[in-house]
Number of protein chains: 2
Amino acid sequence: MDRARVGLKDVARLAGVSVKTVSNVVNGYAHVTTATRTRVEAAVKELNYRPNLSARNLRQGRTGIIALAVPELDVPYFAELAGLVVACAEERGLTVLIDQTGGTREREQLVVEGFRAHLIDGVIFSPLALTPEDLAGRLDDTPMVLLGERVYPGSADHVVVDNVAAAREATLHLAGLGRRRIAAIGAQDDVAAETSRLRLAGYRDALEEAGLPYDDRLVVPVETYRRADGARAMAALLDSGLAPDAVFCFSDPLALGAMRTLLERGHTVPGDVALAGFDDIEDGRYVTPTLTSISPDKRALARQAVDLLADRMSKGSQDVAREVRVAYRLAIRESTNG
Amino acid sequence: MDRARVGLKDVARLAGVSVKTVSNVVNGYAHVTTATRTRVEAAVKELNYRPNLSARNLRQGRTGIIALAVPELDVPYFAELAGLVVACAEERGLTVLIDQTGGTREREQLVVEGFRAHLIDGVIFSPLALTPEDLAGRLDDTPMVLLGERVYPGSADHVVVDNVAAAREATLHLAGLGRRRIAAIGAQDDVAAETSRLRLAGYRDALEEAGLPYDDRLVVPVETYRRADGARAMAALLDSGLAPDAVFCFSDPLALGAMRTLLERGHTVPGDVALAGFDDIEDGRYVTPTLTSISPDKRALARQAVDLLADRMSKGSQDVAREVRVAYRLAIRESTNG
DNA sequence: CTGAAAGCGCTAACAG
DNA sequence: CTGTTAGCGCTTTCAG
C-alpha cells in the first residue's frame, strides 16, 4: 500500500464521515462526538494517515518553519546558540531550518533578500559581513530578528550584547592584574566587521581608562575567529618581540588557539601571559588553565530572539523596530587568575 | 503594498502574458522569447514577486527539505557533522532542517515514525537510544539514512564507522606504549547504547590481544558523552586507587573532561596517564597536550549520507538496504606521545 | 455537531 | 512559443 497517497478523504471514506470532520479530529477541535472521534482515529491509524503539511501550509499561509542563519555551525558559539534556538522554537511549535552563510556578504544578502520567502515564517539572523545599506533597502517583509550587533538601527528587531562595555570590562580586568602590555587578537580589516570594531573600541576605552598607551602593534588582525587564527596571531605576537603580558582575544576559539601557542612554546598562562576570551564556550571551562571569558547569556539570547520573532509573526509588521539587550558577565577563571 | 500576496497571476497581468508563461520564466524553462522573458522579469522585479514554495511543493509532491536528526547540536561532533551535511545538501539544492532528539528514545521514535511526513523528503538520522525493534515496524516510507551504527541491518541505509576496530586500534596504541592498566571511560548501562557497546567490545578485544587482563573496575560508566561526565569519571577513577596509566575515552569531550581532572590534580599527561579519545573534534587539536583520537572521515560521512539519501529520494524505495563504510584513522598526538 | 463546496498558488496537460 | 484548465490536500466559510 502506498501510504504517501493517503489523504483526508480516504480517511473520511473509511470512517464514514466527511472530510471536515476528519480535519476537525486531526486538528483537535472541540465539537466532535466521542463516538465519531474514535471512529476517525481508528481510520487514521489504520491507513497510517499523515496530514500533508505543504497543503496545510498553503492554505494557512504559514509554514511553522523559521530559519536560523549563522556563519558556521562548527563554530562552538553558533553551535551552542543554534541548539538553544532549536529548543526554544520547538516549545512554540516551530521548526528550525539552518542556513550557513559562511559569513560572506553575498550569502548574507541573500538572507536579507528573503530567498526562502513563503517557505519560512521568519528568520533569526546572525550577520557578520552585512552592511547597513544591505539592510536599508530590504523589500522582503518576512519577520526578521538580528543577533549580536545593532547593524542598522530601526530596520529590524535586534537582540544585542553590549560588545563595547564587555570588551572594556575584560580589558580592565587584565589591567587590574597589573598587566601593562595588553595585546588584542581579533581585529579585522573588513569594513563590515562590526563585531570586531566594537570589541576593539571597548579595548581602547579600557586602555585609556587604565592609563595605558595604545600601541597598534599589539593589535593583531585575523581572517576568522577560529582557533587556527588565534594560534597564528599569538605566534606573530611572540615573534614580534613586543612581549605582551596579557592578551584579550575577541573570541574564545581565538583565545584557545593563542593558549596553545603559548604553552607549546613554553610560556606559562597566566604567569607569563594572562588570557581572556569572549563567548564563554564550553571548551573554555575544561582546558587547563580554564579560560577567563565574557559570558553572554546565550539562553536569554535564544529565548528573546524566538520570542521577538514569534511576536512579530503573529502581530504583523509594525514600523517600530525593537531592541532587546541581553546580559553578560565576566567569568574569571585560571587563565587570568592562576 | 502587501508583497506577501503577490501571485503568479499578478505578474502575468502586469506583463500581459499568461500564468504559464510566467511560470516558465521563473523556472527557467527553455521555450520563451527573449522579449517575453525580459518583460516578465521586469514585472517580477517590479512586484517583488516570490514563488510560494508551499504551493509549489504541494503540486510537485516534494519539498526539497531534508531533516537532520541529531542528539544535540552543542556536542562538537554533531555540530561539525551538521555543518558538513548542511553544506553538502546545499550543493544538491536541498535545505536542511534540524531536529534535536536529546538522544532520548522517545524522541528518536518520533523521528522513525515520520512525524514530519510530507514536510521533508528524507531524513538523515544519528540515533543514540533507538532499538532494533523501533526500526523494525517502521510504517513511514520517508527515505532515511542512519549514521554511526548498524542498528538494524536491512531496515535502512547506513553510513557506518567500524567502531569495534577503531576502539581496538586506539586501545592497542595505548598498550603499545607499555601501559598496563588501561581504563575505559564511556560505558553505558542502557541496553540501547549501541555505540558504547561496540567501543567497549573493541577495547576488550585489544586488551586480550595485548595479553592484558580485563578488570571491570577500570571501565567507568557515564550518563552522557560530555566533558562534565568525563571529568567526573576520571575523578572517580583516581579516587578508586586503581591508578590507571592510560585511559581510552569513548568520545573526545569525555577525554577533554578527563584531561582537565588529571591536570587539575597535578597529574601529567601523558607522563602519568596517557589519554586517547574518539571523534577528533577541533578542540582536541588545540588543547595542551593535544589529544590523540580516532578520526572518522566526517566529510565523507556527510557526503555519503547526503548522496545515499538523494539517491533513495529519486529512485524510490528499493527493498535492499545499503551500507557504506567510512574510513577512520588514529591521529596520534601529544596526549599519548608527549 | 457535521457536510458540501470553494480556493490557497502553483505546475502539468493539453490545446492552440 | 503561449494560453486554458484542472487539481495537488488541506482548511474554511456557509449551510444544514
Side-chain angles (χ1 to χ4, degrees), chain A residues 2-41 43-44 47-65 93 114 116-121 142, chain B residues 2-41 43-44 47-65 93 114 116-121 142:
Chain A
D2 190 352
R3 291 177 190 79
R5 301 236 159 279
V6 174
L8 219 37
K9 65 169 167 307
D10 301 291
V11 179
R13 195 178 322 119
L14 180 61
V17 296
S18 81
V19 276
K20 169 62 175 160
T21 304
V22 180
S23 176
N24 283 342
V25 172
V26 170
N27 292 295
Y29 290 157
H31 309 289
V32 185
T33 327
T34 318
T36 340
R37 179 182 303 281
T38 329
R39 202 142 34 90
V40 170
E41 279 165 352
V44 164
L47 295 174
N48 192 248
Y49 165 75
R50 319 299 176 92
N52 182 319
L53 298 189
S54 285
R56 178 180 290 174
N57 294 338
L58 172 58
R59 188 61 238 244
Q60 301 189 139
R62 30 165 270 112
T63 62
I65 301 176
R116 291 209 199 287
H118 297 290
L119 174 61
I120 59 172
D121 293 341
T142 307
Chain B
D2 190 352
R3 290 178 191 79
R5 302 234 159 282
V6 174
L8 219 39
K9 66 169 167 303
D10 301 290
V11 179
R13 195 179 321 119
L14 180 61
V17 296
S18 81
V19 276
K20 170 59 175 162
T21 304
V22 180
S23 175
N24 283 342
V25 172
V26 170
N27 292 295
Y29 289 158
H31 309 288
V32 185
T33 330
T34 320
T36 346
R37 179 183 301 281
T38 330
R39 201 141 34 89
V40 170
E41 278 165 353
V44 163
L47 295 174
N48 193 248
Y49 164 75
R50 318 299 177 92
N52 182 320
L53 298 190
S54 285
R56 179 179 290 173
N57 294 338
L58 172 58
R59 187 61 238 241
Q60 303 191 121
R62 29 165 270 112
T63 61
I65 301 176
R116 292 210 199 288
H118 298 290
L119 174 60
I120 58 172
D121 293 341
T142 307

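Just so we're clear, the structure is a prediction, and the values are computed from it rather than from any experiment. We name chains A, B, ... by the order of the sequence lines, and we start the count at 1 in each one. Reckoned from all heavy atoms, side chains included, excluding hydrogens, waters and symmetry mates.
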When rounded to the nearest 0.5 Å, the distance separating CZ of A/Arg56 from OG of A/Ser23 is 7.5 Å
Atom NZ of B/Lys9 and atom P of D/dT4 are separated, to the nearest Å, by 14 Å
- Query: Does B/Thr33 make a side-chain N or O approach to OP1 or OP2 of D/dT2 shorter than 4.0 Å?
  - Reply: yes
Output a table of nitrogen or oxygen pairs between the protein and nucleotides 11-14 of chain D separated by less than 3.5 Å.
| residue | atom | partner | partner atom | Å |
| --- | --- | --- | --- | --- |
| D/dT11 | OP1 | A/Asn27 | OD1 | 3.4 |
| D/dT11 | OP1 | A/Asn27 | ND2 | 3.3 |
| D/dT11 | OP1 | A/Arg56 | NE | 2.6 |
| D/dT11 | OP1 | A/Arg56 | NH2 | 3.2 |
| D/dT11 | OP2 | A/Ser23 | OG | 2.9 |
| D/dT11 | O2 | A/Arg59 | NH1 | 2.6 |

Output for pair (A/Thr142 OG1, A/Arg116 CZ), nearest 0.5 Å, gives 11.5 Å
When rounded to the nearest 0.5 Å, the distance separating CG of B/Leu53 from CD1 of B/Ile65 is 8.0 Å
Between CG of A/Leu119 and C1' of C/dG9 the distance, given in whole Å, is 14 Å
When B/Ala55 and B/Thr21 are each assigned the nearest nucleotide of DNA chain D, the 5'-most assignment goes to B/Thr21
B/Leu58 atom CG is separated from C/dT11 atom P, nearest whole Å, by 11 Å
Rounded to whole Å, the NE2-P distance (B/His118 to D/dC8) equals 14 Å
Rounded to whole Å, the CG-C1' distance (B/Asn52 to C/dC8) equals 8 Å
Discussion item. Is the phosphate of C/dG9 approached by B/Ser54 (side-chain N or O, under 4.0 Å from OP1 or OP2)?
Written reply: no
D/dG3 OP1/OP2 closer than 4.0 Å to side-chain N/O of B/Ser18
yes
